[in-house]
Protein chains: 2
Amino acid sequence: MNQTTKNYSIGFRIWINEEHGHFLGIGRVKLLENIRETGSITNASKAMKMSYRQAWQMVEDMNSASAKPLVEKMLGGKGGGGARVTEAGEKAIKLFYKLEEKVKKFSNELGNKIRL
Amino acid sequence: MNQTTKNYSIGFRIWINEEHGHFLGIGRVKLLENIRETGSITNASKAMKMSYRQAWQMVEDMNSASAKPLVEKMLGGKGGGGARVTEAGEKAIKLFYKLEEKVKKFSNELGNKIRL
DNA sequence: AACCGGTATGTTTTTTGAAACATACCTGAA
DNA sequence: TTCAGGTATGTTTCAAAAAACATACCGGTT
């Protein structure tokens with residue numbers, strides 16, 4: 001099997017759309033995971049390189065794009081409040097990774113056949 | 001078949017990587033096509049909403065990432081010069097679209113099964 | 001009722017990528 | 001040998017996105 005040219009592979013990005021546009025991509029999924037880990041948007045945003053404002057807006061956007069909210073926010077009270085990932089959120093995370101994995105496998109197979 | 005939630009679909013982007021990184025995505029492919037149509041980088045860049053500088057740089061990048069150049073440039077002479085898509089370039093365009101089509105089919109199938 | 005720490009939101013500043021501008025070079029044809 | 005029109009490349013301007021800053025609100029706890 002002599003390789004006369006370069007090796008190529010396929011790169012990709014996927015995201016989930018709902019009827020009115022973008023719903024969930026890797027950025028939002030990562031944010032969800034960080035919220036789950038840290039218990040608040042503030043701490044999640046610190047854990048990533050992201051401003052609170054931006055993280056908060058992302059949560060807002062994905063919640064309103066979703067049939068059921070992916071993040072539940074708590075205002076005031078003990079510790080000032082916080083945020084948690086809902087059951088719907090957990091399902092969305094799992095689904096996204098499952099889809100990504102499948103597309104990865106598929107595109108890897110395609111990539112292996114590339115000859116240029 | 002009663003639909004209790006929203007309809008979802010999968011969006012995606014693919015590109016071809018060679019050993020040292022990005023090689024060809026939809027932006028470069030569109031540029032190639034415009035160069036083929038217009039015969040020069042200048043006119044291709046005008047046809048798209050793109051500065052000559054950027055288009056020229058894209059050609060430079062993809063040519064140097066490729067085993068064989070995808071665009072052949074002519075300096076001076078009749079009409080001041082120009083650019084044409086090589087045989088290798090045409091092959092790359094075709095390949096990209098073929099791959100994209102396959103991934104599209106695949107992800108559409110996945111998308112149809114989404115229930116959230 | 002004062003405190004704490006997170007949410008919510010408006011305003012200003014900074015960054016940075018893109019576009020615009022400018023100019024030199026190249027070469028066949030007239 | 002000048003002209004035309006595209007390539008090649010440096011410099012400056014501009015605009016959009018991101019970050020930074022500032023401040024009000026919220027509600028258990030003490």
Side-chain angles (χ1 to χ4, degrees), chain A residues 11 13 15 21-66 68-86 88-89, chain B residues 11 13 15 21-66 68-86 88-89:
Chain A
R13 277 274 198 159
W15 57 91
H22 179 71
F23 169 52
L24 197 71
I26 185 64
R28 289 181 178 184
V29 167
K30 287 259 161 72
L31 177 57
L32 287 176
E33 292 176 311
N34 275 292
I35 289 172
R36 174 175 54 200
E37 247 61 61
T38 65
S40 75
I41 299 177
T42 292
N43 287 325
S45 70
K46 281 175 187 162
M48 323 168 67
K49 45 106 190 139
M50 188 182 294
S51 68
Y52 169 80
R53 200 186 174 71
Q54 186 181 339
W56 178 87
Q57 191 61 58
M58 284 174 78
V59 169
E60 208 62 12
D61 289 347
M62 67 179 124
N63 268 355
S64 63
S66 179
K68 300 175 181 179
L70 308 187
V71 173
E72 189 180 299
K73 288 173 282 180
M74 283 90 75
L75 248 180
K78 170 187 156 201
R84 56 177 290 277
V85 176
T86 65
Chain B
R13 277 276 198 157
W15 58 90
H22 180 70
F23 170 50
L24 198 71
I26 185 63
R28 289 181 178 184
V29 167
K30 287 259 161 72
L31 177 58
L32 286 176
E33 292 177 310
N34 275 291
I35 289 172
R36 174 174 55 200
E37 248 61 63
T38 64
S40 76
I41 298 177
T42 293
N43 287 325
S45 70
K46 282 175 187 162
M48 321 167 69
K49 48 102 189 141
M50 188 182 294
S51 69
Y52 169 79
R53 203 186 170 70
Q54 186 181 338
W56 178 87
Q57 191 61 57
M58 284 175 79
V59 169
E60 208 62 12
D61 288 348
M62 68 179 122
N63 268 354
S64 64
S66 178
K68 299 175 180 179
L70 308 187
V71 173
E72 190 180 297
K73 288 172 282 182
M74 284 89 76
L75 246 180
K78 171 186 156 203
R84 57 175 290 277
V85 176
T86 65

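Naming: A, B, ... by sequence-line order, numbering from 1 per chain.
The shortest side-chain heavy-atom distance between B/Arg28 and B/Asp61 falls under the 4.5 Å cut-off. In this structure, A/Leu70 and A/Leu32 have side chains that are in contact, with non-hydrogen atoms separated by less than 4.5 Å. In this structure, the side chains of A/Met50 and A/Lys30 stay at 4.5 Å or more apart for every pair of heavy atoms.
Between the OH atom of A/Tyr52 and the P atom of D/dA22 there is a distance of 18 Å, given to the nearest Å. When rounded to the nearest whole Å, the span between CE of B/Met74 and P of D/dG6 equals 12 Å. One can place CZ of B/Arg84 at 18 Å from P of D/dG6, the figure rounded to the nearest angstrom. In this structure, A/Met50 atom CE and D/dA20 atom C1' are separated by 16 Å, rounded to whole Å. Atom-to-atom, CD of B/Glu60 to C1' of D/dT9 comes out at 11 Å; the value is rounded to the nearest Å. To the nearest angstrom, C1' of C/dA8 lies 8 Å from NZ of A/Lys73. In this structure, CE of B/Met58 is placed 18 Å from C1' of D/dT9, rounded to the nearest angstrom.
One finds the CG atom of B/Leu31 at 9.0 Å from the CD atom of B/Gln54 (value rounded to the nearest 0.5 Å).
In this model, the phosphate group of C/dT7 is not approached by any side-chain N or O of A/Trp56 to a distance below 4.0 Å at OP1 or OP2.
When the nucleotides C/dA19, D/dA8, D/dC26 are ranked by their closest atom to the side chain of A/Leu75, D/dC26 comes out on top. Closest contact between the side chain of B/Arg53 and the listed nucleotides D/dA20, D/dT11, D/dT29 involves D/dT11. Listed nucleotides D/dT9, C/dG28, C/dT9 differ in distance to B/Lys78; the shortest reach to its side chain belongs to C/dG28. Checked against C/dA19, C/dT7, D/dT29, the side chain of B/Gln54 finds its nearest nucleotide in C/dA19.
Nucleic acid contact class of A/Gly76 (heavy atoms, under 4.0 Å, all strands): base. At a threshold of 4.0 angstrom between heavy atoms, the contacts of B/Gly81 are confined to the sugar-phosphate backbone, with no base atom among them.
Residues from residues 28-48 of chain B lying near DNA chain D, meaning a heavy-atom separation below 4.0 Å, are B/Ser40, B/Ile41, B/Thr42, B/Asn43 in numerical order.
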### Query
So A/Ile35 and A/Arg84, side chain to side chain contact (heavy atoms under 4.5 Å, CB included) or not? Walk me through it.
CA-CA 6 Å; A/Ile35 289 172; A/Arg84 56 177 290 277; 5.7 Å; no
#### Entry: Evaluation steps, side chain to side chain contact (heavy atoms under 4.5 Å, CB included), between B/Met62 and B/Leu24
CA-CA 7 Å; B/Met62 68 179 122; B/Leu24 198 71; 4.2 Å; yes
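The two residues A/Ala44 and A/Thr38 come nearest to each other via the heavy atoms N-OG1, 3.2 Å.
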